[in-house]
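These numbers come from the heavy atoms of this one structure, side chains and all, not from hydrogens, waters or symmetry mates.
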Protein chains: 2
Amino acid sequence: MPRAGLVPATVTEAAADVADEIGLSQLSMSVVAERLGVKAPSLYKHVDGLADLTHRIATLGALELGDALRDAMQGLAGRDALAMAAQTVRAYVKDHPGRYAATTGASPTGPDDPLASALDRVLESFAAVLHGYHLNPGEQIHAVRMLRSVLHGFATLETSNGFQLDADIDDSFAWMITFIDRGLTAAGAP
Amino acid sequence: MPRAGLVPATVTEAAADVADEIGLSQLSMSVVAERLGVKAPSLYKHVDGLADLTHRIATLGALELGDALRDAMQGLAGRDALAMAAQTVRAYVKDHPGRYAATTGASPTGPDDPLASALDRVLESFAAVLHGYHLNPGEQIHAVRMLRSVLHGFATLETSNGFQLDADIDDSFAWMITFIDRGLTAAGAP
DNA sequence: AGCCGAAAGCTACGCCCAATAGCCACCAGT
DNA sequence: ACTGGTGGCTATTGGGCGTAGCTTTCGGCT
């Protein structure tokens, strides 16, 4: 019987794909094993159980989202950066709901946890959006939190079908970005 | 052996309490049964399985949150109404994370589902907040969605410890309310 | 009061999943 | 070629959901 040639990263990516397809709550060792053409107990040679696997998916999601934000925001500032960052988050959550759910549900185990630095990089991108607005330094942290809340809330509600009429969702999103841009501009130059 | 005198509402409330205490994901028939001094299979005489139980918790949560919003917003308008509604949502999510998680995770099965009307009442309260601002009717729906997104996102991130501890979360929340109030005021009188 | 049927509790069971133990085969390095 | 580590496997335990079927209790009716 030939070996499958698995490493932790292979298992994590397969699990992340499965989570995106069937939902994080439906993720199980069996279905990941089946995807990889392997029996479930074999996965424990590469991954330390379902909790560890979810943690790895969370880290993968944070890394990917951080990279996507960096790439998308290259050379942009102000309203353009804001709109691009928002759209990037929204698209990532829509395309990878399982990874994103893992990311939001997880918390780093310590300061040397790769998840911690991955999350920090995402936050740095959010902070970079705000550099284009001339905010009071004390307001920066509040603005970052508001931005996170808005984007997280909107994307989460959208993927869980929390909005009634999905036809206008793009309009609502654009309106929201304009609203925030105007508010930040006014806050920067009072 | 005496009867426990259970009805669906009793089971639902006990389950909601348990979910608030240990988290919705940890909810199981066994632990609810233990709370009620009963064996797990007995619950199936009152409730149609775990999915139905979660659905009932979601409905309970939506009803309670709707009532809390109505009570809190009595006679308030404009910024006061906005601040009170936001604080009410935030407090409810903090005090009842399990119920709230059930509410956001669930979707009504049909138009006659009690959950649908309960959710509608919550949305009506959000809409009522905006009546104090003189928005263009076409903007109303966008503003409601933004309000939902912000409050949902903030409360969710806060309860999952998504914010770092270095700055006061209350300050951020107050700043955010002021930000939205100013934006809505400006949008109403351009 | 006595009975009778519905309903509420129970035990026993089947199935699925997480996780561990322990076995066997494959491959690398000497 | 041998040998040891490693990656797969089967078998098993424990727990959770849900069903089947039994027993007991309680309300209503005569």
Do any N or O atoms of the protein come closer than 3.5 Å to N or O atoms of nucleotides 19-23 of chain D, and which pairs are they?
none

Could you give the side-chain donor-acceptor pairs of residues 72-87 of chain A under 3.5 Å, partners two or more places apart or in another chain?
| from | atom 1 | to | atom 2 | distance (Å) |
| --- | --- | --- | --- | --- |
| A:R79 | NH2 | A:T178 | OG1 | 2.5 |

Show every donor-acceptor pair shorter than 3.5 Å between a side-chain atom in residues 33-41 of chain B and any protein atom, with sequence neighbours excluded, or say none if there are none.
| from | atom 1 | to | atom 2 | distance (Å) |
| --- | --- | --- | --- | --- |
| B:R35 | NH1 | B:E21 | OE2 | 3.4 |
| B:R35 | NH2 | B:E21 | OE1 | 2.7 |

Could you go through residues 45-62 of chain B and list every donor-acceptor pair under 3.5 Å that involves a side-chain atom there, pairing it with any protein atom two or more places apart or in another chain?
| from | atom 1 | to | atom 2 | distance (Å) |
| --- | --- | --- | --- | --- |
| B:D52 | OD1 | B:R56 | NE | 3.4 |
| B:D52 | OD2 | B:D48 | N | 2.9 |
| B:D52 | OD2 | B:R56 | NE | 2.9 |
| B:T54 | OG1 | B:L50 | O | 2.9 |
| B:H55 | NE2 | B:D113 | OD1 | 3.3 |
| B:H55 | NE2 | B:D113 | OD2 | 2.7 |
| B:T59 | OG1 | B:H55 | O | 3.0 |

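Of the residues in residues 19-31 of chain B, those lying under 4.0 Å from DNA chain D by heavy-atom distance are B:S28, B:M29, B:S30.
As rounded to whole Å, 14 Å separates atom C1' of D:dG18 from atom CG of B:L53. Atom pair A:L6:CG and C:dC26:C1' shows a separation of 15 Å (rounding to whole Å applied). In this structure, the CG atom of A:L43 is 12 Å from the C1' atom of D:dC9, given to the nearest Å. If you measure from atom NZ of A:K39 to atom C1' of D:dT12, you get 16 Å, rounded to the nearest angstrom.
Cation-pi geometry between A:R90 and A:F173 is met: under 6.0 angstrom from the ring centre, within 45 degrees of the axis. Cation-pi geometry between A:R145 and B:F154 is not met: the NZ or CZ atom fails to fall both under 6.0 Å from the ring centre and inside 45° of the normal.
Put simply, CZ on B:R121 and CG on B:L69 are 9.5 Å apart, with the number rounded to the nearest 0.5 Å.
Between B:Y100 and B:H152, the ring planes are tilted. Angles from 30° to 60° get that label.
Side-chain atoms of B:H46 lie closest to C:dA8 of the nucleotides C:dA19, D:dC9, C:dA8.
For the pair B:S42 and C:dA8, the criterion of a side-chain N or O lying under 4.0 Å from OP1 or OP2 is not met.
Every pair tested for side chain to side chain donor-acceptor pair (under 3.5 Å) that includes a residue from residues 22-33 of chain B fails, sequence neighbours excluded, so the list is empty.
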